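For the numbers below, each heavy atom of this structure counts, side chains included, while hydrogens, waters and symmetry mates do not. The shown structure was predicted, so the numbers you read here are calculated from the model rather than taken from an experiment. Starting from 1, each residue takes its place in the sequence as its number.
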Amino acid sequence: MKLEINDLSVAFAEKTVLEGVNIQVAAGEFVSLIGASGCGKSTLLNVLAGVIAPDKGTFLADGQPIHGVSPYFAYMPQDDLLLPWKTILDNVTLYAQLHHDKKDAIQKAMSELANFGLAGYEYAYPQELSGGMRQRAAFLRTALCQAQIMLLDEPFGALDVITRNEMQDWLLRLRSELGKTTLLVTHDIDEALYLSDRILVLGGRPASIVKEIDLRGIEKSRDWLFAQGALHRDIFAILREENYAS
């Protein structure tokens, strides 16, 4: 397994948020975490990113125990966090600049700009780009990191519905080319259905995995998604039940 989370628990001020979380993610797999607001989805990503230390449990990447900040993970939050005084090219190669590998990163970035819908904008500044283009730039910055596992925390949540759908279509097309293992946190059931190989539902107080939905091997399209009304309702019912139960 590329990523294994074993019996993970996290507490704040003696209040347990996550308890007994167990997750396995295969190499190249795209897994979404959904759950009610405040159930600990982002907390789990912060633990993996090394921002928060767990109170109990372990997690491994390629079978190796991980403690604190690790080069295995690249984290992308909801806000694009582009530096307004730097060009798009400088923003997307920021990781490499910090690690003194700017030349190779620029070559890689220039070769990927078209795939990310940013060709011709390498010397533009963030304020000159639309919201969707800014998110693509932030995504390219994340993808250019040497990390093998991407942690995405509501990356399209701040966009309007049309732009968000366009970004989802774009990511679905790009997934196989990136070839990276991905863990996505989202509140959007349709987004999880559309993008994921598997969906993990967090529920309860403290939260743990209460449901897994396997979507591997399905060829996704908008028409397929529009036909998933029954599955959407089932997931919504689980989330509502878990929210009220807590």
Check whether Lys41 reaches the backbone of Leu202 with its side chain - one donor and one acceptor, N or O, closer than 3.5 Å. no

Would you check if the side chain of Asn22 reaches a backbone N or O of Asp7 as a donor-acceptor pair within less than 3.5 Å? yes

Under 3.5 Å, is there a donor-acceptor pair between the side chain of Arg198 and the main chain of Glu29? no

Should Glu177 and Glu112 count as side-chain neighbours, where that means a heavy-atom distance under 4.5 Å? yes

Is a donor on one side and an acceptor on the other found under 3.5 Å between the side chain of Thr16 and the backbone of Ala11? no

Expected output: side-chain Asp80 to main-chain Leu82 donor-acceptor under 3.5 Å: yes

Over 60° means perpendicular and under 30° means parallel, so classify the ring planes of Phe156 and Phe139, tilted if in between. parallel

Minimum heavy-atom separation for Asp79 to Gln135, with atom names? C-OE1, 4.3 Å

Nearest heavy-atom contact between Leu8 and Pro54 is CD1-CB, 3.4 Å

Output, in order, the C-alpha distance, side-chain angles, deciding distance and verdict of side chain to side chain contact (heavy atoms under 4.5 Å, CB included) for Tyr72 and Asp62. CA-CA 9 Å; Tyr72 270 100; Asp62 286 338; 3.3 Å; yes

Take Glu122 and Met110 through the test side chain to side chain contact (heavy atoms under 4.5 Å, CB included) and record every step on the way to the result. CA-CA 8 Å; Glu122 56 267 33; Met110 294 297 287; 3.6 Å; yes

For a side chain to side chain contact (heavy atoms under 4.5 Å, CB included) check, start with the C-alpha distance between Leu113 and Leu140, then their side-chain angles and the critical distance, and finish with the verdict. CA-CA 8 Å; Leu113 284 169; Leu140 176 55; 4.0 Å; yes

Heavy atoms from other residues, nucleotides or ligands near CZ of Phe12 exceed 12 (cutoff 6.0 Å): yes

State, with a plain yes or no, whether a side-chain heavy atom of Val92 is found less than 4.5 Å away from one of Phe116. no

Side-chain contact test, heavy atoms from C-beta onward, threshold under 4.5 Å: evaluate it for Pro155 versus Leu184 and give yes or no. yes

Side-chain donor or acceptor of Lys220 paired with backbone N/O of Leu193 under 3.5 Å: yes

Apply side chain to side chain donor-acceptor pair (under 3.5 Å) to the pair Gln168 and Arg222, showing each step before the final yes or no. CA-CA 10 Å; Gln168 293 164 358; Arg222 285 288 168 186; 3.1 Å; yes

Donor-acceptor contact present, side-chain Arg134 to main-chain Leu129, <3.5 Å: no

Hey, does the side chain of Lys180 reach the backbone of Ala147 with a donor-acceptor pair shorter than 3.5 angstrom? yes

Can you tell me how far apart CD1 (Ile213) and CG (Asp234) are? Round to the nearest 0.5 Å. 8.0 Å

Report, as yes or no, whether the 6.0 Å neighbourhood of atom NZ on Lys2 holds more than 12 heavy atoms from other residues, nucleotides or ligands. yes

So do Tyr75 and Leu48 actually touch side chain to side chain, heavy atoms under 4.5 Å? no

Would you say the side chain of Ile5 lies within less than 4.5 Å of the side chain of Leu44, judging by non-hydrogen atoms? yes

Heavy-atom closest pair, residues Leu83 and Pro126: O-CG, 3.6 Å

Keeping Thr181 on the side-chain end and Gly28 on the backbone end, is there a donor-acceptor pair under 3.5 Å? yes

For a side chain to side chain contact (heavy atoms under 4.5 Å, CB included) check, start with the C-alpha distance between Phe30 and Leu171, then their side-chain angles and the critical distance, and finish with the verdict. CA-CA 11 Å; Phe30 195 114; Leu171 180 53; 4.1 Å; yes

Is any side-chain heavy atom of Thr186 closer than 4.5 Å to a side-chain heavy atom of Leu195? no

What closest approach, in Å, do Leu159 and Gly132 show between heavy atoms, and which atom pair accounts for it? CD2-N, 4.1 Å

Taking NZ, NE, NH1 and NH2 as the nitrogens, is one of them in Arg175 or Asp197 under 4.0 Å from a carboxylate oxygen of the other? yes

Does Asn91 use its side chain to pair, donor to acceptor, with the backbone of Lys86 at less than 3.5 Å? yes

Smallest heavy-atom separation, Ala137 atom then Ile88 atom, equals CB-CG2, 4.2 Å

How many angstroms lie between CG in Leu200 and OG in Ser208, if you round to the nearest 0.5 Å? 11.5 Å

